[in-house]
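Since the structure is predicted, the reported quantities are computational estimates derived from the model, not experimental observations.
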Amino acid sequence: MTAFTVTLVLVVAAAGLLRWRRPAWYWLTFGVTLAALRVLVRYASVMDACGLTVPPSRWRLALARVTNRPMPDSRPPRILRFRPTRTGLVLRLGLRPGQDAFDVAAASDRLRHSFSMYGVTSRELRSGVVEVRMTGYDVLKRVQMPTKLDTRPMLVPVALREDGSVHYRDYRAVPHALTLGATESGKSVYQRNLVAGLAPMNVALVGIDCKQGVELFPLARRFSALADNPDTAADLLDALVSRMDGVYQLIRDEQRITATVPDAEIAADIWDLPAHLRPVPVVVLVDEVAELALFASKDQEKRRDRIITALVRLAQLGRAAGIYLEICGQRFGSELGKGITMLRAQLTGRTAHRVNDETSANMAFGDISPDAVLAAIQIPAELRGLAIAGDSTGGWHRIRAPHTSLRQAVNTCNRHADRTPALPELAPFRPELTSATEAPVPLSKTAPATA
């Protein structure tokens, strides 16, 4: 008896220590079993208390009267599937007649308390079927990406969502995106994760970093073109527009619209072309868009209009040509001048890290979801990297990217430097790499030659 008591005390102490110091380990060892039992045992009573049950049908009531049996209880949604995961539990529920997916979403907070889980979210899979995802601990406190990830082309895992699922940046579904965040909010780490995820893929990276290249130039071995000042950025964007026109001409030549070709083989973008003819897709990363939109003289205003016009054209027409935009900044609104709101309207994906005022959150989500605006302004300053991600459909999620140091991102880019394509249109903007003993060469294509 004494040995059993000592063993029990040690197990309880180990569980408590794991829950405090390593919540992920606690969940995998103790938490998942306890939570599964708790949910299955309490399920019917919790659903009834949360108003997620329906009265018994008339034929069941009639049958009970005829057979002189007790009246049947109200029926909760059917559990179609119950699956433990590395971060929580997933329930697939079949709704009863008269129930709605909104009822489950509205009761999410009550379900969280009733089942003693950290978080509960729900989404409708199809008519009458709702998936409820429960997390057993704060997965965003210490982000650990799963080992098994989707590796489809142009699909980059960049962060973890609060429900434990992976947040992907899907360029084919959401071609252009806007990322906002105040200083020290984690915006640069998010961008590093994006570059590190794109580095192993067959894609050309183009960077515009008007902070003299301090953010993107260390990653230069994986970039096909870089610009570190607004003058060079204007020329680079014009070159991208010229490339876009050339790609459209190629698609037009290869459309194969004849009476004998099935409709499925008609090309409308680069992904419909044969693999040997398909141009390499291009991802354009703009580190601080405000530096491209500000001006102090008439000449700078002309340059600014030229830059914004090129960005708007790429945002409107670049998807089919395989050109995708990643626009980053601290603020992004009408105060940056003419054409900015037109550009923002083309940026489907929205990600907002901690912002300094509500107006900045409205720039990202004001035209999408008021709830996302409220969530964005509530991000605490001590949680760097925490962000709200949404799109034009109105859906949004809390996400957090794993911490990636600049050294780690540089190592990843150097390891995949052989995958950097040489694009003829962007050859003048290819970064000139120097050894440690040589003086650094400016990124501008007008830089004077060194001896």
Side-chain angles (χ1 to χ4, degrees), residues 175-183 185 187-188 190-191 194-195 204-217 219-220 223-244 282-319 323-353 355 359-360 363-364 425-426 428-431 442-447:
H176 314 300
L178 172 65
T179 302
L180 294 178
T183 303
S185 64
K187 188 169 75 274
S188 297
Y190 178 85
Q191 189 179 64
L194 196 59
V195 174
L205 300 180
V206 174
I208 298 177
D209 180 6
C210 291
K211 293 187 293 186
Q212 296 299 312
V214 295
E215 290 285 349
L216 297 180
F217 185 72
L219 314 172
F223 275 77
S224 297
L226 277 171
D228 65 350
N229 60 77
D231 291 324
T232 308
D235 296 335
L236 175 54
L237 290 171
D238 287 341
L240 285 169
V241 172
S242 299
R243 173 182 170 79
M244 179 180 67
V282 179
V283 175
V284 184
L285 295 104
V286 180
D287 184 64
E288 184 52 71
V289 68
E291 290 299 315
L292 300 178
L294 298 176
F295 61 91
S297 64
K298 286 292 184 181
D299 291 339
Q300 292 181 2
E301 183 180 7
K302 293 179 181 178
R303 181 196 64 200
R304 178 253 178 221
D305 292 343
R306 178 181 158 201
I307 289 173
I308 299 302
T309 300
L311 284 173
V312 170
R313 292 190 63 191
L314 291 172
Q316 290 179 336
L317 307 174
R319 180 205 61 82
I323 298 178
Y324 308 105
L325 297 181
E326 284 287 341
I327 308 294
C328 299
Q330 297 184 34
R331 291 181 63 86
F332 194 88
S334 57
E335 72 274 5
L336 295 181
K338 181 176 61 177
I340 286 295
T341 54
M342 183 186 300
L343 175 61
R344 183 177 61 174
Q346 304 297 325
L347 305 177
T348 306
R350 309 287 175 85
T351 302
H353 294 75
V355 292
T359 305
S360 299
M363 294 175 190
E425 303 90 346
L426 306 181
F429 309 95
R430 184 72 180 263
L443 297 181
S444 173
K445 69 172 186 175
T446 60

Q.
Quick one, Gln191 with Glu326, criterion side chain to side chain contact (heavy atoms under 4.5 Å, CB included). Give me CA distance, side-chain angles, the key distance, then yes/no.
A. CA-CA 9 Å; Gln191 189 179 64; Glu326 284 287 341; over 6 Å; no
Just how far is it from atom [atom1] of [X] to atom [atom2] of [Y], taken to the nearest 0.5 Å?
{"X": "Asn229", "Y": "Arg303", "atom1": "CG", "atom2": "CZ", "result": "8.0 Å"}
{"X": "Arg304", "Y": "Lys338", "atom1": "CZ", "atom2": "NZ", "result": "7.0 Å"}
{"X": "Leu216", "Y": "Asp209", "atom1": "CG", "atom2": "CG", "result": "4.5 Å"}
{"X": "Leu226", "Y": "Arg430", "atom1": "CG", "atom2": "CZ", "result": "9.5 Å"}
{"X": "Thr348", "Y": "Leu325", "atom1": "OG1", "atom2": "CG", "result": "10.5 Å"}
{"X": "Cys210", "Y": "Glu215", "atom1": "SG", "atom2": "CD", "result": "12.5 Å"}

Might you point out which heavy atoms bring [X] and [Y] nearest each other, and give the distance in Å?
{"X": "Lys187", "Y": "Gly181", "value": "NZ-O, 3.1 Å"}
{"X": "Ala315", "Y": "His176", "value": "O-NE2, 3.1 Å"}
{"X": "Ala227", "Y": "Leu236", "value": "CB-CD2, 3.9 Å"}
{"X": "Ala220", "Y": "Pro431", "value": "O-CG, 3.7 Å"}
{"X": "Ala233", "Y": "Leu292", "value": "CB-CD2, 3.8 Å"}
{"X": "Arg350", "Y": "Arg344", "value": "NH2-O, 3.0 Å"}

Q: Mind running side chain to side chain contact (heavy atoms under 4.5 Å, CB included) on Phe217 and Asp228 for me, showing each step along the way?
A: CA-CA 9 Å; Phe217 185 72; Asp228 65 350; over 6 Å; no
**Q.** Which residues share a ring-ring contact (aromatic ring centres under 6.0 Å, His included) with Tyr324, sequence neighbours left out
**A.**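 Scan of Tyr324 (ring-ring contact (aromatic ring centres under 6.0 Å, His included), adjacent residues dropped) gives Tyr171.
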Would you indicate whether the side-chain heavy atoms of [Y] and [X] approach each other to under 4.5 Å?
{"X": "Leu343", "Y": "Phe332", "answer": "yes"}
{"X": "Arg331", "Y": "Ser360", "answer": "yes"}
{"X": "Thr179", "Y": "His353", "answer": "yes"}
{"X": "Phe295", "Y": "Asp305", "answer": "no"}
{"X": "Glu291", "Y": "Lys211", "answer": "no"}
{"X": "Arg313", "Y": "Leu237", "answer": "no"}
{"X": "Leu285", "Y": "Leu194", "answer": "yes"}
{"X": "Met244", "Y": "Glu425", "answer": "no"}

Q: Carefully, step by step, assess Asp235 and Arg306 under the rule salt bridge (Lys or Arg N to Asp or Glu O under 4.0 Å).
A: CA-CA 9 Å; Asp235 296 335; Arg306 178 181 158 201; 2.5 Å; yes
Q: Mark yes when over 12 heavy atoms from residues, nucleotides or ligands other than Arg319 sit less than 6.0 Å from its CZ; otherwise mark no.
A: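 Atom CZ in Arg319 is not crowded, with 12 or fewer foreign heavy atoms closer than 6.0 Å.
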Q: Among Val206, Leu317, Leu314, find the one that has a side chain to side chain contact (heavy atoms under 4.5 Å, CB included) with Ile323.
A: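 The side chain to side chain contact (heavy atoms under 4.5 Å, CB included) with Ile323 is passed solely by Leu314 among Val206, Leu317, Leu314.
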